[in-house]
Amino acid sequence: MGAPTSRVIAPAVAPVIAIDGPAASGKGTLARRLAAHYGLPWMDTGLLYRAVAMGVLTRGAALDDEPVAVAVARALPADFADDPALRTGEAGAAASRVAALPGVRAALLDVQRAFAAAPGGAVLDGRDIGTVICPEAPAKLFVTASAEARADRRYRELAARDPAASYDQILADIRKRDADDAARAVAPLVPAEDAILLDTTHLGVEEAFAAARAIVEQRLGRAA
Ligand SMILES: Nc1ncnc2c1ncn2[C@@H]1O[C@H](COP(=O)(O)OP(=O)(O)O)[C@@H](O)[C@H]1O
Ligand SMILES: Nc1ccn([C@@H]2O[C@H](COP(=O)(O)OP(=O)(O)O)[C@@H](O)[C@H]2O)c(=O)n1
């Protein structure tokens, strides 16, 4: 037997790692790092909603046009995540609008559940992974940070590509999106009862990753 190239999680339960939290809290960064560390596939579910929103806008429809949004959600191309336009602040705000439509959430359910059902386990990050998509996931993290810390992180990220990026605008957008995501009737942003809260306000990326690993290993068993 060769040496393993990634850590193996004790396979008592399917090692699904569910990561939820508000905008720019560091969910994706942790999800990507955890997936690489444990050799699991990762799905950034926010990209699904971003792709639906951009598809609706491309068709010239309104973001609350549910029949169009559902049709787009059902026909996402396999390479939908490759579009760099999905990573903009506008796409995030637009995603939050289509994400409030129950038909869109229903249309995106199967692709997320199928991903989570990979026999070796999976990492998914979003808003409703621990509550709706994978309520049985053995490891659930709810990643938070202050709105100011999150705006500062997103500002640094966006300013590298867009010199016109404004911290104040990003902070306002983040606050609005948090409020809208938490207040919506369907799959609101709320920690699952059995999620462990990880506040990264005062943690760097490496510290947050170490804390997340400790939570996962407590829930799933020590990494080999
Ligand atoms: N603990 C942290 N400390 C500082 N910056 C971070 C931390 N975690 C993530 N970041 C940075 O903040 C930005 C948003 O992180 P990301 O993982 O994309 O958040 P989310 O997926 O929750 O929107 C990225 O530029 C990322 O590199
Ligand atoms: N599982 C998910 C993921 C995203 N979303 C929605 O999609 C928007 C964009 O999500 P995202 O995860 O890409 O956003 P960031 O946290 O990266 O800014 C969110 O504001 C939510 O409204 C959702 O409703 N459910």
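Each ligand, and each atom within it, is numbered from 1 in the order the structure gives.
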- What about Thr200: any of its N or O atoms under 3.5 Å from an N or O on ligand 1? no
- So is there a nitrogen or oxygen of Leu30 less than 3.5 Å from a nitrogen or oxygen in ligand 1? no
- Message: Under 3.5 Å between any N/O of Arg50 and any N/O of ligand 2: does that happen in this structure?
- Response: yes
- Option whose closest heavy atom lies nearest to atom 5 (N) of ligand 1, chosen from Lys27, Arg32, Arg33, Arg153: Arg153
- Task: Report yes if Gln112 has an N/O atom closer than 3.5 Å to an N/O atom of ligand 2; otherwise report no.
- Result: no
- Under 4.0 Å between a Lys/Arg side-chain N and an Asp/Glu carboxylate O for Arg150 and Asp178? yes
- Message: Check Asp173 with Arg177, please: is the shortest side-chain N to carboxylate O separation under 4.0 Å?
- Response: no
- Task: Look at Asp128 together with Arg105 and state whether they make a salt bridge at an N to O cut-off of under 4.0 Å.
- Result: yes
- Item | Closest to atom 15 (P) of ligand 2 (judged by heavy-atom distance), picking from Lys176, Arg154, Met43 | Arg154
- Record the part of Arg154 in heavy-atom contact with ligand 1 below 4.0 Å; permitted values are side chain, backbone, both and neither. side chain
- Item | Check against side-chain contact (heavy atoms from CB on, under 4.5 Å), Arg154 and Tyr167 | CA-CA 8 Å; Arg154 184 99 329 145; Tyr167 169 84; over 6 Å; no
- Query: What is the nearest protein non-hydrogen atom to atom 1 (N) of ligand 1, stated with its residue, atom name and distance?
  - Reply: Leu203 O, 2.9 Å
- Query: For atom 9 (C) of ligand 1, what's the nearest protein heavy atom and its distance?
  - Reply: Thr29 OG1, 3.5 Å
- Compute the shortest N/O to N/O distance between Ala23 and ligand 1 and return yes if it is under 3.5 Å, no if not. no
- Message: Assess whether a salt bridge exists between Glu148 and Arg153, defined as any Lys/Arg side-chain N lying under 4.0 Å from an Asp/Glu carboxylate O.
- Response: no
- Message: For Gly21, state whether at least one heavy atom is located under 4.0 Å from any atom of ligand 1.
- Response: no
- Query: Is ligand 2 under 4.0 Å from a heavy atom in the side chain of Arg184, in the backbone, in both, or in neither?
  - Reply: side chain
- With heavy atoms only and a cut-off of under 4.0 Å, state how Arg177 meets ligand 2: side chain, backbone, both or neither. side chain
- Message: Quick test of your reading of the model: are Arg156 and Asp152 salt-bridged, counting only N-O distances below 4.0 Å?
- Response: yes
- Note on the structure: Note: Ala100, heavy atoms under 4.0 Å from ligand 2, region reported as neither
